[in-house]
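Worksheet for the structure shown next.
Throughout, a chain's letter reflects where its sequence line sits, starting with A, and its residues are numbered from 1.
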Amino acid sequence: MTAEQFIASRASEAVKALYNVDFAAANMQVSVTRKDFEGDYTLVVFPLLRISHAAPAATGQAIGEWLVANCPEFSAFNAVQGFLNLSLSNVYWQETFASIAGDPDFGQLPSTGRRVMVEFSSPNTNKPLHLGHIRNNLLGASVSNLLKAAGDDVIKTTLVNDRGVHICKSMYAWQKRFDGATPESTGKKGDHLVGDCYVEFAKMEKENPAVLDDVHEMLVKWEEGDPAVRELWQMMNQWVFDGFEQTYKALGITFDKTYYEHETYLLGKELVQKGLDMGVFVKDPDGSVWCDLTADGLDRKLLLRSDGTSVYMTQDLGTAERRFAEYKLDSHVYVVGDEQNYHFQVLKLVLAKLGFDWAEQIFHLSYGMVELPEGKMKSREGTVVDADDLIEKMYLEAKATSEESGKLDGMPQDEKDRLYHMIGLGALKYFILKVDPKKKMLFNPKESIDFNGNTGPFIQYTHARICSILRKSETVAAGANAAGAAELSAKEIRLVKLLASYPQKVAEAASAYSPAVIANYAYDLAKEFNQYYHDTPILKEPDAAVLSMRLSLIATLALTLRKAMAILGIELPERM
RNA sequence: GGUUCCGUAGCUCAGCUGGAUAGAGCAACAGCCUUCUAAGCUGUGGGUCAAGAGUUCGAAUCUCUUCGGAAUCACCA
């Protein structure tokens with residue numbers, strides 16, 4: 001039970017005792033007391049006025065008196081207007097602290113029994129990953145971690161778009177203009193080489209639009225299984241996969257299951273027949289099949305072309321059906337940009353019309369685009385921020401900052417490199433994940449991502465500081481739970497209060513599918529610690545009981561920071 | 001044109017299931033390292049929460065209107 005719930009239930013008892021009226025604890029409004037007022041939590045008494053038939057302050061006064069008189073957990077109160085500020089006793093906070101410190105799984109919510117598939121990344125194999133993909137990947141990986149922490153059974157998946165006309169364009173340009181170049185011969189990462197081919201094709205098309213016909217011919221050959229085309233396709237795709245693999249590895253992204261579009265693009269065709277049989281789809285005279293969604297405020301949606309081939313939507317319908325059946329899913333999250341909001345609206349609606357009751361369990365985690373100061377990234381104008389370049393740049397920034405401080409002198413080089421990568425990536429991941437997914441975000445390539453303030457490295461640094469203190473305290477067994485050993489100071493109570501709210505934050509973040517909630521929580525916790533650190537000497541504390549309590553407290557803080565940041569996929573170093 | 005989303009400090013963002021005087025960071029300015037890591041801490045200045053109306057004891061938060069921005073509505077994926 002959270003402190004808020006505890007207070008609400010006691011307040012409910014107070015109302016019953018004072019006014020003989022039942023007022024459900026769930027309807028009590030309890031929040032953390034504002035900084036400028038005395039107290040831990042505040043009960044808003046306005047909703048109780050029609051029960052008390054008294055002025056707001058008087059009502060607060062009466063309830064406050066009853067609580068302090070009848071519940072030992074409350075140590076003091078003050079009523080200001082309609083706000084009853086309540087202080088909980090030191091013992092209450094010590095017990096709270098002890099239960100957190102004694103629970104290794106603190107923050108892991110009980111199993112929901114829900115099995116959820118999260119699809120994200122889903123790249124095209126005709127060009128390398130850019131900053132937009134980074135946001136997608138980080139969100140997908142992080143939301144997966146988040147749902148796991150909230151008790152779901154999560155399957156991470158990706159659907160690689162490895163076929164289609166765009167791939168053929170790269171293949172065609174490579175054949176005509178790249179003179180057999182390979183990643184080995186050029187020393188270029190495979191996905192970048194294929195990306196160059198794609199760019200080259202755009203030039204060829206400009207010079208002579210007829211090349212498009214050649215590409216379509218190539219696509220037809222691919223669909224027929226022409227050995228030469230398939231071989232080329234396989235070779236170039238493999239270059240891309242190898243390149244992606246490196247980028248994923250650098251970002252720490254993994255999947256439980258990878259789908260390839262060349263295996264799934266024909267799925268969904270039998271659903272079209274089913275829809276026709278059910279009368280929810282219609283066939284036009286030219287043979288094309290549609291679903292009429294005008295009654296739902298949308299348009300008519302094509303599901304089968306007049307030549308009998310399927311469209312993107314058809315495939316998605318089939319893929320969803322197969323996944324729900326194969327994995328017995330309770331829910332499916334798609335991490336896809338908000339430019340596809342309409343697509344997912346239609347997807348859910350069509351599935352519902354086909355009679356699938358799980359259609360409403362599909363959740364489109366729709367995130368905003370990453371924009372540059374001058375607007376959207378455009379590959380034609382060369383403003384795309386390349387993922388590999390950015391990761392490298394972050395590494396170099398971290399390296400420069402570290403070397404300047406000289407704090408890592410004497411550390412082996414490979415360990416330093418690992419650390420630079422951890423810090424650079426921490427800055428990048430935090431920068432992206434701290435923003436509400438729904439919102440579009442701005443990235444200015446001219447300004448480097450900050451390492452100070454509300455950033456990943458700030459939290460990493462805080463963690464390293466705590467570790468440094470714990471290293472120096474050999475006399476006290478690390479990890480020992482000395483939570484109840486001593487009275488807590490006001491600042492320590494603030495820390496315990498924040499720690500105690502972590503499980504709620506996980507639940508809140510998970511229900512909003514928002515890692516940003518966790519990011520901001522971790523920042524608050526780190527900031528609160530730094531203030532505490534600044535004016536409370538820990539190792540110099542003469543009283544052994546107080547010293548152990550403090551060490552327990554900071555060890556618990558470090559652990560909670562690690563757990564929260566692990567949800568974001570960010571590692572915390574012991575030194576930096 | 002229809003639908004959907006967004007607009008909070010100079011900049012980047014929190015806060016949005018209605019609660020007290022709207023918070024951080026960056027940037028600017030002024031302090032704090034002989035003292036557990038200064039990637040830190042403290043302080044100052046900075047706001048018509050796009051505008052207007054409504055609901056309410058109470059609105060940045062809910063509703064409507066207007067203005068501004070974005071996405072989308074393909075026999076593209």
Side-chain angles (χ1 to χ4, degrees), chain A residues 29 31 33-37 42 44-47 49 56 80-83 85 122 124 161 163-166 261 265 284 286-290 297-313 315-316 337-343 345-346 366 368-369 371 373 375-376 398 401-402 404-405 407 423 427 431 434-436 438-444 447 450-462 464-473 508 511-512 516-517 519-520 523-524 526-527 529-541 550 554 575-576:
Chain A
Q29 291 183 35
S31 54
T33 300
R34 287 181 65 105
K35 239 185 274 169
D36 342 299
F37 294 89
T42 297
V44 182
V45 301
F46 286 109
L49 297 185
V80 182
Q81 298 165 41
F83 302 93
N85 301 317
S122 304
N124 289 343
N161 187 348
R163 62 161 287 281
V165 72
H166 51 289
E261 246 189 56
Y265 78 108
D284 275 6
D286 66 359
S288 58
V289 177
W290 301 76
L298 305 175
D299 299 301
R300 257 164 62 104
K301 181 70 195 175
L302 179 83
L303 296 170
L304 216 55
R305 296 190 186 101
S306 50
D307 64 5
T309 58
S310 56
V311 293
Y312 187 53
M313 180 62 72
Q315 177 195 179
D316 261 15
D338 61 9
E339 55 197 354
Q340 292 199 42
N341 284 351
Y342 183 78
H343 174 82
Q345 223 181 325
V346 171
S366 159
M369 298 288 103
E371 291 182 3
K376 285 183 73 169
T401 308
S402 278
E404 199 182 328
S405 81
K407 285 177 189 167
I423 295 166
F431 175 79
K434 78 169 173 182
V435 180
D436 185 333
K438 292 198 301 266
K439 297 196 171 181
K440 67 176 181 213
M441 60 179 296
L442 193 102
F443 175 79
N444 189 345
E447 296 167 13
D450 228 309
F451 283 42
N452 300 318
N454 187 357
T455 66
F458 168 83
I459 296 166
Q460 291 174 319
Y461 177 73
T462 304
R465 262 185 163 175
I466 295 175
C467 290
S468 170
I469 299 173
L470 292 175
R471 269 196 304 274
K472 288 179 179 163
S473 63
E508 199 183 310
S511 69
V517 172
N520 286 302
Y523 175 66
D524 287 343
K527 190 168 171 58
F529 167 79
N530 275 315
Q531 289 167 10
Y532 173 66
Y533 171 93
H534 185 256
D535 45 35
T536 309
I538 294 170
L539 292 176
K540 285 187 192 147
E541 173 57 43
R550 286 184 181 163
I554 64 170
R575 290 183 59 188
M576 73 181 268

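Considering only the side chain of A:Lys439, B:A14 comes nearest among B:A39, B:C41, B:A14. Side-chain proximity of A:Arg34 to B:G23, B:G40, B:A77: nearest is B:G23. Listed nucleotides: B:A39, B:U42, B:C13. Nearest to the side chain of A:Asn452: B:A39. Relative to the side chain of A:Gln531, the nucleotides B:U42, B:G40, B:C6 differ in distance, and B:U42 lies closest. When distances are taken from the side chain of A:His534 to each of B:A20, B:G40, B:C36, the shortest belongs to B:G40. The side chain of A:Asp436 approaches B:A14 more closely than any other nucleotide in the set B:A14, B:U37, B:U35. Among the nucleotides B:U37, B:A39, B:C13, the one closest to the side chain of A:Met441 is B:C13. Looking at the side chain of A:Lys472, the nearest of the listed nucleotides B:G25, B:C36, B:A14 is B:C36. In this structure, of B:A20, B:G19, B:A24, it is B:A20 that holds the atom nearest to the side chain of A:Asn85.
No contact: A:Phe431 has no heavy atom under 4.0 Å from any strand. In this structure, A:Val44 reaches the bases: a heavy-atom distance under 4.0 Å links it to at least one base atom across the strands shown. Using a 4.0 Å heavy-atom cutoff across all strands shown, A:Tyr312 reaches at least one base atom of the nucleic acid. Counting any heavy atom pair closer than 4.0 Å across all strands shown, A:Leu539 reaches a base atom. A:Thr536 comes within contact range of at least one nucleobase, with a heavy-atom separation under 4.0 Å.
A:Phe83 qualifies as a stacking partner of the B:A20 base, centre to centre under 5.5 Å and near-parallel within 30°. Residue A:Phe46 and nucleotide B:G19 are classified as a stacked aromatic pair, their ring centres being separated by less than 5.5 Å at an interplanar angle below 30°.
Side chains of A:Ser31 and A:Thr42: a donor-acceptor N/O pair is absent below 3.5 angstrom, by distance only. Remark: the A:Ser366 side chain and the A:Asn341 side chain contain an N/O donor-acceptor pair separated by less than 3.5 Å.
For B:G25 and B:C41, the P atoms lie 8 Å apart once the distance is rounded to whole Å. Using atom C1' as the reference point in both B:U44 and B:A39, the two lie 24 Å apart (nearest Å). The separation of B:U21 from B:G58, taken at their C1' atoms, amounts to 15 Å, rounded to a whole angstrom. Atom name C1', nucleotides B:G43 and B:G7: the rounded distance is 32 Å, in whole Å. When the P atom is compared between B:C5 and B:U63, the two are found 10 Å apart, to the nearest whole Å. Comparing the same atom, C1', in B:A50 and in B:G69 gives a spacing of 11 Å after rounding to whole Å. For the P atom pair drawn from B:C13 and B:A53, the interatomic distance equals 30 Å after rounding to whole Å. Straight-line distance between the P atoms of B:U72 and B:G15: roughly 26 Å, to the nearest whole Å.
Under the 90° criterion around 0 for the glycosidic angle, B:C33 counts as syn.
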- Message: For a salt bridge (Lys or Arg N to Asp or Glu O under 4.0 Å) check, start with the C-alpha distance between A:Asp436 and A:Lys438, then their side-chain angles and the critical distance, and finish with the verdict.
- Response: CA-CA 6 Å; A:Asp436 185 333; A:Lys438 292 198 301 266; 3.7 Å; yes
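To the nearest 0.5 Å, atoms OH (A:Tyr461) and CG (A:Asn452) are separated by 10.5 Å. Atoms NZ and OG1, on A:Lys407 and A:Thr401 in that order, are 11.0 Å from each other to the nearest 0.5 Å.
If you take CG of A:Asn444 and C1' of B:G25, they are 16 Å apart, rounded to a whole angstrom. Rounded to whole Å, the distance from NZ on A:Lys434 to P on B:A14 is 9 Å. As a whole-Å value, the separation of A:Phe443 CZ from B:C26 P is 18 Å. Separating the CD atom of A:Gln29 from the C1' atom of B:U17 is a distance of 10 Å, rounded to the nearest angstrom. Going from atom CG of A:Asn530 over to atom C1' of B:U37 covers 10 Å, rounded to whole Å. What separates CD1 of A:Ile466 from P of B:C36 is a distance of 16 Å, to the nearest Å. Nucleotide B:C36 holds its C1' atom 13 Å from the CD atom of A:Glu541, rounded to whole Å. Across the protein-nucleic acid pair, A:Tyr532 atom OH and B:U42 atom P stand 16 Å apart, rounded to whole Å.
Between the side chain of A:Ser402 and the base of B:A39 there is at least one donor-acceptor pair of N/O atoms closer than 3.5 Å.
The two residues A:Pro457 and A:Met576 make their nearest non-hydrogen contact at O-CE, 3.8 Å. Contact record, A:Leu49 with A:Pro56: CD2-CA, 3.6 Å, taken as the closest heavy-atom pair. Closest approach of A:Ile466 and A:Ile554 over heavy atoms only: CG2-O, 3.3 Å. Shortest non-hydrogen contact noted between A:Ala427 and A:Phe451 is CB-CE1, 4.0 Å. Nearest heavy atoms, A:Leu302 versus A:Val311: O-CG2, 3.4 Å. Taking both residues in full, the closest heavy atoms of A:Pro537 and A:Arg550 are given as O-NH1, 3.1 Å, listed atom of the first, atom of the second, then distance.
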- Contact pattern, 5' to 3', of nucleotides 67-75 of chain B - B, S or - by protein heavy atom under 4.0 Å: ----SSS-B
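Between A:Tyr523 and A:Phe458, the two ring planes are tilted [angle within 30° to 60°].
Listed pair A:Arg471 / B:U37 fails the phosphate criterion, with no side-chain N or O lying under 4.0 Å from OP1 or OP2. For A:Lys527, a side-chain nitrogen or oxygen approaches OP1 or OP2 of B:G25 to under 4.0 Å. Distances shown here put every side-chain N or O of A:Ser405 at or beyond 4.0 Å from the OP1 or OP2 atom of B:A39.
Taking the nucleotide of RNA chain B with the nearest heavy atom to each of A:Val80 and A:Ala526, the more 5' of the two is matched to A:Val80. The nearest heavy atom of RNA chain B to A:Lys438 and to A:Ile469 marks one nucleotide each, and the one closer to the 5' end goes with A:Lys438.
The backbone N or O of A:Asn454 sits less than 3.5 Å from a side-chain atom of A:Lys434, completing a donor-acceptor pair.
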- So what is the 5' to 3' dot-bracket string for RNA chain B, if pairs are Watson-Crick or G-U wobble with both distances under 3.5 Å, crossing pairs use [ ] and | means the partner sits on another strand? (((((((..((((.....[...)))).(((((.......))))).....(((((..]....))))))))))))....
